[in-house]
Amino acid sequence: MGTSTVTGRTRSMGALFTGVALLNTATVGLGTAATLIVAAGSGAVWSGLPSVANVLGTAAGALGAGRLLPVHGSRRVLAGGYGLAAAGALVAFAGALATSVVPLLLGILLVGLGNGGAQLSRYLAADLYPEDRRGRALSTVVWSGTIGALAGPALMAPAAGAAAGFGWPSLSGPAAVAVLATAGAALAAAFLPRHVPPGPVVAAPGPVRPAGVVRPLVAMVAAQLTMGAVMTMTPLQLQAHGHGLGVVGWVLSAHLFGMFALAPLSGRIADRWGPHVAVNAGLGVLALAAATALAAPTAHTSGLPIALFLLGYGWNLVFVGGSAQLSRDLAPETRRRVQGTVDAVVWSASALAGLGSGALFAGGGYGLVAVVGGVLALLPLAFSAARDGR
């Protein structure tokens, strides 16, 4: 392998990793602040709107980026998407300064469009490596989400204090951080090489069978629904039993650790034993997480943190395994379009999970949410077994 190829690969991985980490940092902090702003100004009933705007923007961004990447290349598409996110962060910052909901939601929607391209970065990383290393490559970019998961919340308090020092509303501080983070992501994307030699291909992909797309798609949607439903309702469950933000933060930290920190392990499993093994293992872990939440719905020091950690890691296994399968089994001329479409469907499932889990919680409590989540996790395994039987 030539020195230029290794240099281009290293440079590309650094730019992709940095861009995703900064976008996640911006999204986590801005989304949390926007939820609080909307709840204070319009009531708790509307507090889910920022999350919906982000999810819909990310779904649309993934769909659009999937179609633009084969034509314009990763450097132009990611830099343009991150630039759009930076503009959106500025609009959201203006909305936060004026405590105005409409520009705040519009800005979050635009940040989501840029985030859609960031989500596809894991596939760009996988394409830099040979087939037997693609799981580890894409899992490295997924792991960068750990930085956002930690930095986003950690920066909120100091950013709010700095904003108050300028005489601004305190919650405009996280929005200002989002402006800087998205601008940094756009700068990182500009460092992507214009042309990077792809990883060596052992054999050209044959005709794609529907199962090559349907199976990872079904599994990733089920994992997103399960995780989204249980995770969204856990803070309400804790609050209903008298626990404050400290307990909620501890339990959600366990969940975020499971979601991102062990991604390299998931990548190694996908490379060593195959993507389908990682996916099936993840679905089993998700079912176990739902069962743990059902068995210990009030154990805030043991059962729930364990359940939420398993929920995060089960999702990670499915996400990395499904992505690895889509990076291996698709022909180059259709790969980006299909990957973007899959991500758009998966992110749309997040919106459905957020809306549906509230109705389940209101109708049957946390136990019903856990039961439905567990069933959703097991359905793809039954689907796969039925197809194999035929």
Side-chain angles (χ1 to χ4, degrees), residues 31-32 34-36 38-40 42-56 58-59 105 217-245 247-252 254-256 258-259 282-315 318 345-383:
T32 303
T35 298
L36 296 174
V38 173
S42 304
V45 68
W46 301 107
S47 61
L49 286 178
S51 176
V52 173
N54 174 59
V55 167
L56 293 179
T58 301
L105 294 178
L217 172 61
V218 170
M220 291 166 76
V221 168
Q224 197 75 28
L225 289 171
T226 299
M227 185 190 72
V230 178
M231 179 194 68
T232 302
M233 290 301 109
T234 297
L236 294 182
Q237 169 73 358
L238 291 168
Q239 187 181 54
H241 287 82
H243 300 296
L245 290 178
V247 173
V248 172
W250 145 245
V251 174
L252 291 184
H255 174 66
L256 291 170
M259 279 186 70
L283 293 170
V285 172
L286 284 168
L288 178 60
T292 304
L294 180 63
T298 61
H300 67 282
T301 60
S302 55
L304 279 182
I306 293 172
L308 269 289
F309 167 77
L310 292 174
L311 190 74
Y313 188 54
W315 172 86
V318 175
V345 173
V346 170
W347 278 94
S348 298
S350 294
L352 180 61
L355 295 173
S357 61
L360 290 173
F361 188 83
Y366 192 65
L368 179 59
V369 175
V371 168
V372 173
V375 171
L376 286 171
L378 292 173
L379 282 177
L381 293 174
F383 169 79

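- Summarising the geometry, atom CD1 belonging to I306 is positioned 13.5 Å from atom CG belonging to L311; distances are rounded to the nearest 0.5 Å.
- In this view, A349 and V221, Q224, L225 satisfy the side-chain contact (heavy atoms from CB on, under 4.5 Å) rule, not counting sequence neighbours.
- Taken to the nearest 0.5 Å, the CG atom of L304 stands 12.5 Å off from the NE2 atom of H255.
- Here the straight-line distance linking atom CH2 of W315 with atom CE of M220 works out to 8.5 Å at 0.5 Å rounding.
- Taking each heavy atom of Q237 and F361 in turn, the nearest pair found is OE1-CE1, 3.9 Å.
- The list of side-chain hydrogen bond (donor to acceptor under 3.5 Å, both in side chains) pairs with a residue in residues 361-375, not counting sequence neighbours, reads T234-Y366.
- Counting heavy atoms from C-beta on, the side chains of P50 and L105 come closer than 4.5 Å.
- In this structure L36 satisfies the side-chain contact (heavy atoms from CB on, under 4.5 Å) test together with L171, sequence neighbours excluded.
- Every residue was checked against the side-chain hydrogen bond (donor to acceptor under 3.5 Å, both in side chains) condition with T226, not counting sequence neighbours, and none meets it.
- Minimum heavy-atom separation, P380 to A222: CG-CB, 3.4 Å.
- Contacts of W347 classified as ring pair (Phe, Tyr, Trp, His ring centres under 6.0 Å), with partners at least two apart in sequence or in another chain: none.
- Nearest heavy-atom pair across L283 and V318 is N-CG2, 3.6 Å.
- Residues satisfying the side-chain contact (heavy atoms from CB on, under 4.5 Å) criterion with V285, sequence neighbours excluded, are L310, L317.
- Taking all atoms of both residues into account, the shortest heavy-atom contact from P305 to V251 is CG-CG2, 4.2 Å.
- Taking every heavy atom of both residues into account, A293 and A307 meet most closely at N-CB, 3.7 Å.
- Here A291 pairs with nothing under the side-chain contact (heavy atoms from CB on, under 4.5 Å) rule; sequence neighbours left out.
- Across all non-hydrogen atoms, the minimal contact from A287 to A377 is N-CB, 3.9 Å.
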